[in-house]
Structures are given as structure tokens and as C-alpha cells.
2 protein chains.
Amino acid sequence: MAITTKDLAQLCGVSRTTIHRALNGTGRIKPETKEMILQVAKEHGYRPDLLATGLAKGQTYNIGVVVLDVKNRYFAQMLSTISTEAYARGYGVNITLHGGDAGTEREQLTRLADYRVDGIILSSVNEGEAYRTFLESLHRPIVSVDNRIADGIPFVGIDQRAAVREAVQRAAEKGYERIVFVCPPLDTKNRQNLYVHKERLLGYEEEMKRYPALRPECILSWDYLQKVDAILKEGKRTAFVCTADEYALEIMKDQKRAKRKAPVDYGITGFDNIDTLAYVTPQLSTISNVVDEVAKSAVEMLFAMIDAEPEVEQMTGDSQRILPHRYLEGETL
Amino acid sequence: MAITTKDLAQLCGVSRTTIHRALNGTGRIKPETKEMILQVAKEHGYRPDLLATGLAKGQTYNIGVVVLDVKNRYFAQMLSTISTEAYARGYGVNITLHGGDAGTEREQLTRLADYRVDGIILSSVNEGEAYRTFLESLHRPIVSVDNRIADGIPFVGIDQRAAVREAVQRAAEKGYERIVFVCPPLDTKNRQNLYVHKERLLGYEEEMKRYPALRPECILSWDYLQKVDAILKEGKRTAFVCTADEYALEIMKDQKRAKRKAPVDYGITGFDNIDTLAYVTPQLSTISNVVDEVAKSAVEMLFAMIDAEPEVEQMTGDSQRILPHRYLEGETL
DNA sequence: ATGAAAGCGCTAACAG
DNA sequence: CTGTTAGCGCTTTCAT
């Protein structure tokens with residue numbers, strides 16, 4: 001349907017090669033011929049077929065992104081930043097979602113690779129050596145964010161453990177008698193990014209060791225609202241360190257019914273600094289995972305690999321970039 | 001780098017065509033040969049090059065989506081639903097963002113078309129006959145959502161005017177003495193989907209005519225917080241009909257400082273039913289734009305066109321699907 | 001300065 | 001049941 005270089009060649013009475021030279025400004029070509037060709041091309045609304053171009057050049061000027069879910073504020077923000085950065089470099093972005101399913105994640109990655117994207121940014125639910133092998137079999141530059149997949153796979157993210165340690169420490173300093181960690185179940189196959197939650201749990205456990213007077217207590221189930229309620233009924237001064245803002249918000253909402261409010265009746269911190277927090281009172285104390293910086297950093301790293309790769313088939317070693325998190329003091333702890 | 005059908009042909013000692021038949025289960029082929037080929041293919045981890053396939057077949061099994069911004073809850077929800085539906089049909093989804101810029105929107109659409117996506121779902125910031133011509137020049141099935149672009153371009157959305165009329169009517173029934181419409185500026189080039197806001201404004205104006213005792217009053221500027229404050233200082237029973245939940249939330253937050261709360265000191269309604277509302281008290285009265293249904297409907301319509309298109313070069317006439325909105329009663333009006 | 005020809009990897013029409 | 005051949009639209013040597 002659309003017009004091709006072959007058609008243009010016929011229209012202009014020259015060869016396809018000449019058309020190509022005019023269109024791409026490459027090689028020697030008589031200025032007038034070039035003018036003429038460009039003119040004709042424009043009149044007929046010529047546009048190169050990107051599939052054919054990609055096939056012939058082995059390069060598509062597209063990068064792929066695979067994340068859990070676009071409804072999640074964190075990923076939405078990340079996608080937004082990645083897109084902007086990529087567009088600015090003349091690259092397109094192909095966004096796909098795995099919804100927390102390991103199989104889907106592999107499919108999407110395979111699909112992107114088979115479409116010959118020039119590079120991939122991935123927030124994975126998989127990990128381990130076997131997965132590393134799979135990723136390498138795609139023969140594409142890949143940067144993982146959030147989750148460290150395995151040694152040798154470039155990675156950008158924050159130190160989840162250190163972040164939670166800071167939250168625990170701050171709770172301890174304020175003299176809470178109990179500090180409870182709240183997290184979704186880590187075993188079952190739920191639509192969550194488990195890796196980060198596991199790391200956060202480890203951070204909690206590590207930090208709690210520093211306070212002999214306190215006993216580690218975790219809530220790792222979906223009926224956390226009831227458990228929180230039961231704990232608060234026992235009357236001790238308690239702080240809840242939540243692994244995500246949503247859980248903290250749910251708890252605060254639920255406790256309103258019982259007429260208990262943070263920070264007077266209990267302390268609470270979230271994680272992620274989702275933008276919903278701007279409209280909620282009291283202002284939730286939380287941890288920023290500096291998503292913009294993670295995204296920018298990932299894009300930079302990816303393009304460094306893309307630009308380097310052409311000759312060498314190597315993943316640029318095991319570059320890992322750990323960015324500092326930020327504790328955001330609110331009113332709830 | 002990766003293995004091709006040519007390599008397989010050599011390895012198996014047959015022709016490329018036979019390989020193709022084995023891989024695609026098409027045409028006659030001896031079961032044993034097929035087995036053997038499949039076996040070899042698997043061993044070598046053969047995967048078809050999707051660019052080449054697309055080029056040869058003229059079909060990519062990909063649809064493109066162009067929306068304003070993925071950070072916007074409404075679009076995030078829409079993208080999520082579209083992706084799920086498309087995956088289920090064996091299609092991939094290529095998501096791109098135009099950020100409210102008309103030029104970028106055209107670029108992204110062109111890019112998608114040049115990548116030969118089989119169809120496109122578009123939430124446009126453009127409209128009019130000229131744009132219709134442009135869209136038709138892409139020679140791809142296109143469904144627009146939210147904004148009606150021009151006659152003849154398939155469209156799915158809600159009746160924005162009717163939705164606002166209902167909000168106004170409900171405010172009128174509750175006896176408010178003033179009903180004020182709150183909206184971002186409609187003239188300047190801001191990163192908004194202006195079409196829907198314009199429609200909502202028209203709905204407000206239409207409905208207000210039915211109440212002679214009330215005078216239409218609109219706030220169409222970014223300093224709406226101050227204006228709202230000034231109006232409330234005048235002491236009349238006032239309801240604010242906002243064109244988006246965010247504005248309503250900002251107002252409620254701002255008014256808290258002045259110790260004024262809905263619904264006792266003023267009435268207020270939002271639009272969109274963003275999920276932040278779940279955590280905010282008092283519960284905001286708002287209008288659901290039934291995004292899931294819009295998205296599903298758009299996908300269905302698009303695939304109907306894709307399935308029909310092969311032979312005929314026509315946009316299936318001007319199918320328009322207007323879905324009913326839903327007023328969600330909260331505590332603020 | 002221009003053209004001919006081969007190739008990217010897959011598909012499809014037509015023979016045998 | 002299998003192979004030959006041509007072609008999708010663009011790029012890229014290598015001649016002329």
C-alpha cells in the first residue's frame with residue numbers, strides 16, 4: 001500500500017541505491033538529484049518501513065522494558081522517566097508487563113529480543129543462575145532494576161535493607177516498646193515483587209538485633225489488619241514498619257474505626273513514597289526509593305552498553321549501581 | 001548470532017521450506033521429519049526472527065497504544081486492561097506516550113504504523129478533519145478513546161457532558177445556593193487532555209440553564225485554591241463540581257487549613273474515581289468513567305476491525321460506542 | 001556520482 | 001511429501 005524505495009526509484013528514474021543515498025545523506029550524490037528525490041519522496045509521503053530497516057541493519061532503535069504492572073505508582077513513574085530519556089536519545093520504547101508471573105516475564109523478554117530491541121530494562125520476579133543463563137541467551141544488553149538477579153547482570157537500585165534499617169532505627173530512637181514489621185506473605189505466588197520485600201525483611205531482622213530490649217515480630221499475612229488490631233489492644237507503645245505505603249494506609253484507615261490515630265496511639269512508617277500520600281493526613285513517614293534516579297541511571301547504563309556492544313559480545317562486566325534511599329519524615333512515627 | 005531456518009535446513013539436511021512447514025505445522029510433511037526438525041530446533045534454541053516474519057507476512061501481531069501519560073491513574077488502568085486483553089488474543093502491545101504534545105503524538109503514531117502494528121488505540125490531543133486525514137494516511141485500523149476526533153474515526157468513551165450534568169443536578173437537588181465549576185485553563189497549552197474538560201464544561205453550562213435561581217460560575221485557572229477560598233468566605237452554601245479528582249482533593253486539603261470541611265462547610269464532587277480516593281476521608285463523591293469497560297470495548301472494536309480489514313481498505317464506517325458513566329455517592333456533597 | 005547485486009530471515013506460490 | 005524460486009523493503013559492498 002505505502003510507497004517504497006523501489007517505487008521512488010521508478011518515479012525518479014534512478015536506482016534504489018541512489019534513492020537510499022538521497023534519503024540517508026550518505027555517500028556521494030549530486031545535489032540536484034538529491035533535491036529532486038527528496039521532493040518526490042515528500043510529495044508521495046514516503047516513509048521507510050521500520051521492520052525492513054531493522055532487519056537489514058540488525059538494529060531497531062528501540063529498547064524494551066519489562067515491569068510488573070503499570071498501575072503500580074512506582075513502575076508508572078519509572079516508565080515515564082525511561083520513556084522521556086529514551087525519546088531524547090532518538091529511541092522508541094516498547095513497554096510490556098509480566099504481572100508478577102515468571103513465565104510471562106520470560107515470554108515478554110523473548111518476544112522483545114526476537115523483535116531485536118537494542119536493549120532491555122527489566123524489573124524481574126526471577127532470580128538465580130539459571131535465570132542468568134536465560135537472560136544471556138537473549139544476546140541483548142540488559143539492565144535489571146529493583147531486583148539483583150545474579151552476579152554479572154547489571155543492576156540499579158537502592159539498598160532495601162539499609163532503608164528498612166533506618167526506619168527501624170528511627171522507631172527505636174523514639175522509644176517504642178514494640179517494633180513490628182508488616183509485609184505480605186513471602187511464600188505464596190502472589191502478584192508482588194517478592195525480592196524487595198524479602199530484602200526489607202532481612203533489613204528489619206538485622207537492625208532489630210541491635211536492640212536487645214526489643215523482640216523481632218513480623219506480620220506476614222493478608223489478615224494483617226486484624227493482627228495489628230490485636231497487637232494494639234495489648235496496650236504497649238508500638239510502631240509498625242510497613243514494607244509498602246499501601247499497607248500503612250490500609251492500617252491507618254482501619255484504625256480510624258477504632259479511634260486510634262498515629263502517632264499518638266501507635267507509630268507507623270511506609271515505603272515507596274507513592275503520590276497518594278500527598279492527600280492523606282496525618283502525613284505518613286516513609287522511605288523514598290528514588291525511582292527517578294534509578295530509572296535515569298538504568299537508561300544511562302543501558303545506553304553505555306548499547307554503544308559499547310557493537311563489537312564485543314560481553315555484558316560490560318557486572319556493573320552494579322546502588323543509589324542512596326531517602327527517609328522522609330512525616331507525622332506518623 | 002542466533003540460529004536461523006537456513007542453519008536448521010543445513011543441520012537437518014532438508015530445505016528451508018520443509019523447516020518452515022515443520023515449525024508452523026502447515027502443509028503436508030512426514031511426521032518423522034517433523035519430529036526430527038522440531039528436535040533439532042529445540043536443541044539449538046531456535047526462535048523465529050519477528051522482524052523478518054512481520055516483513056514477510058505483512059502482519060506483526062502487535063497493536064500500538066498511544067496515550068498521554070502513564071502516571072495518570074486513568075491511563076494506567078486503561079493500559080493494564082488493554083495489555084491483558086491483547087495478550088489473551090496472542091497479541092503484543094507497544095505502549096507509547098505523547099505527553100500532551102500534538103507533534104509527539106503524530107510522531108508516535110507514525111512510528112507505530114511504520115513498525116506495522118496491526119492496529120492502534122489512541123487517546124488523542126488532536127482533533128478535526130485535518131487530523132482525520134492524517135490518521136487515515138496511516139492505513140491502519142485505529143480506535144480512539146476519550147476524545148472524539150472526527151466523524152468516521154471509531155470511538156469509545158463516556159458521555160462527559162451527561163456525567164457532569166448529573167453531578168450538577170445532584171448538587172442542585174441538595175439545595176446549594178451556588179454551584180461552581182472547577183477546571184484547569186482550557187486555552188493554554190498545558191499537559192492535559194483538554195477535550196474531555198471542554199466537554200465537561202459544556203455539560204455544566206447546559207445543566208445550569210435548568211436552574212434559573214443559580215448563576216453559572218466557573219473557575220478556570222491554576223490559582224483555583226485561592227478563588228475557592230474567596231468564594232467560601234462569602235458564606236453562601238456552595239458546591240464545587242470539579243473536572244478531576246485531583247483538584248477536588250487539593251481543595252479539600254487546602255480547606256482543612258481553614259478548618260472548613262465537606263460536606264458541612266461546602267459541597268464538592270470529583271471526576272474519574274482514582275484509587276487514591278480509597279484512602280481519603282471524607283469519602284469524595286465522584287464520577288466513574290468506567291475505564292475498564294472503555295478499554296475492553298476499545299480492544300474488542302479494534303480486533304473486529306483487524307479481523308475484518310484484510311480484504312477491504314475501510315474503517316468499518318463510523319462506529320461509536322458511548323458507555324454509561326456512574327455517579328458514585330460519597331460523603332462530600 | 002550512480003548502479004548492480006547480494007543479503008537480512010522468513011513466507012508463499014508453484015513444481016515435482 | 002519435499003524442493004525451487006521469488007519476494008517482503010531496506011542496506012551495503014563492489015563495480016563502473
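All values derive from a computational prediction rather than experimental measurement. Computation of the quantities below employed the complete heavy-atom set of this structure, encompassing side-chain atoms and omitting hydrogens, waters and symmetry-equivalent molecules. By convention in this document, chain letters (A, B, ...) are assigned in the order of the sequence lines, proteins followed by strands, and residues within each chain are numbered from 1.
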Kindly state each residue pair satisfying ring pair (Phe, Tyr, Trp, His ring centres under 6.0 Å) with at least one member in residues 42-64 of chain B, sequence neighbours excluded. B/Y61-B/Y91
List in chain and number order the residues that pass side chain to side chain donor-acceptor pair (under 3.5 Å) with B/E129, two or more places apart in sequence or in another chain; answer none if no residue qualifies. B/R132
Regarding A/L55, tell me which of base, sugar-phosphate or nothing describes its non-hydrogen contacts under 4.0 Å with the strands shown. base
Looking at B/T4, does any N or O in its side chain come under 4.0 Å of the phosphate oxygens OP1/OP2 on C/dG9? no
Would you say A/T5 places a side-chain N or O within less than 4.0 Å of OP1 or OP2 belonging to D/dC10? yes
Short side-chain N/O contact from B/T53 to OP1 or OP2 of C/dC10, under 4.0 Å: no
So which nucleotide from C/dT11, C/dT2, D/dC1 ends up closest to the side chain of A/T18? C/dT2
With sequence neighbours excluded, tell me which residues meet side-chain contact (heavy atoms from CB on, under 4.5 Å) with A/R116. A/L55, A/T60, A/R140, B/D49, B/L51
So, the side chain of B/D307 versus the backbone of B/A304: is there a donor-acceptor pair under 3.5 Å, distance only? no
List in chain and number order the residues that pass side chain to side chain donor-acceptor pair (under 3.5 Å) with B/R21, two or more places apart in sequence or in another chain; answer none if no residue qualifies. none
Report all interatomic pairs (protein N or O, nucleotide N or O of nucleotides 12-16 of chain C) with separations under 3.5 Å.
residue, atom, partner, partner atom, Å
C/dA12, N6, B/T17, OG1, 3.4

Mind calculating the distance between CG (A/N24) and C1' (D/dG9) to the nearest angstrom? 13 Å
For residues 55-80 of chain A, which residue pairs pass the salt bridge (charged side-chain N to carboxylate O under 4.0 Å, His left out) check, not counting sequence neighbours? A/R73-A/D275
Is there any side chain to side chain donor-acceptor pair (under 3.5 Å) pair reaching into residues 24-34 of chain B, and which pairs are they, with sequence neighbours excluded? B/H20-B/N24
Contact residues, residues 44-51 of chain A to DNA chain D [heavy atom, < 4.0 Å]: A/Y46, A/P48, A/D49
Qualifying residues under salt bridge (Lys or Arg N to Asp or Glu O under 4.0 Å), relative to A/R111, sequence neighbours excluded: none
Under the side chain to side chain donor-acceptor pair (under 3.5 Å) test, residues paired with A/T110 that sit two or more places apart: none
At what angle, to 10 degrees, do the two end axes of the helix from C/dA1-D/dT16 to C/dG16-D/dC1 meet, given five pairs define each axis? 40°
Any residue meeting side chain to side chain donor-acceptor pair (under 3.5 Å) with A/T81, in chain and number order, not counting sequence neighbours: A/D292
Ignoring backbone atoms, test whether B/K34 places a side-chain nitrogen or oxygen under 4.0 Å from the OP1 or OP2 oxygen of D/dC1. no
Could you state the atom-to-atom distance from OH of A/Y115 to P of C/dG9 in whole Å? 16 Å
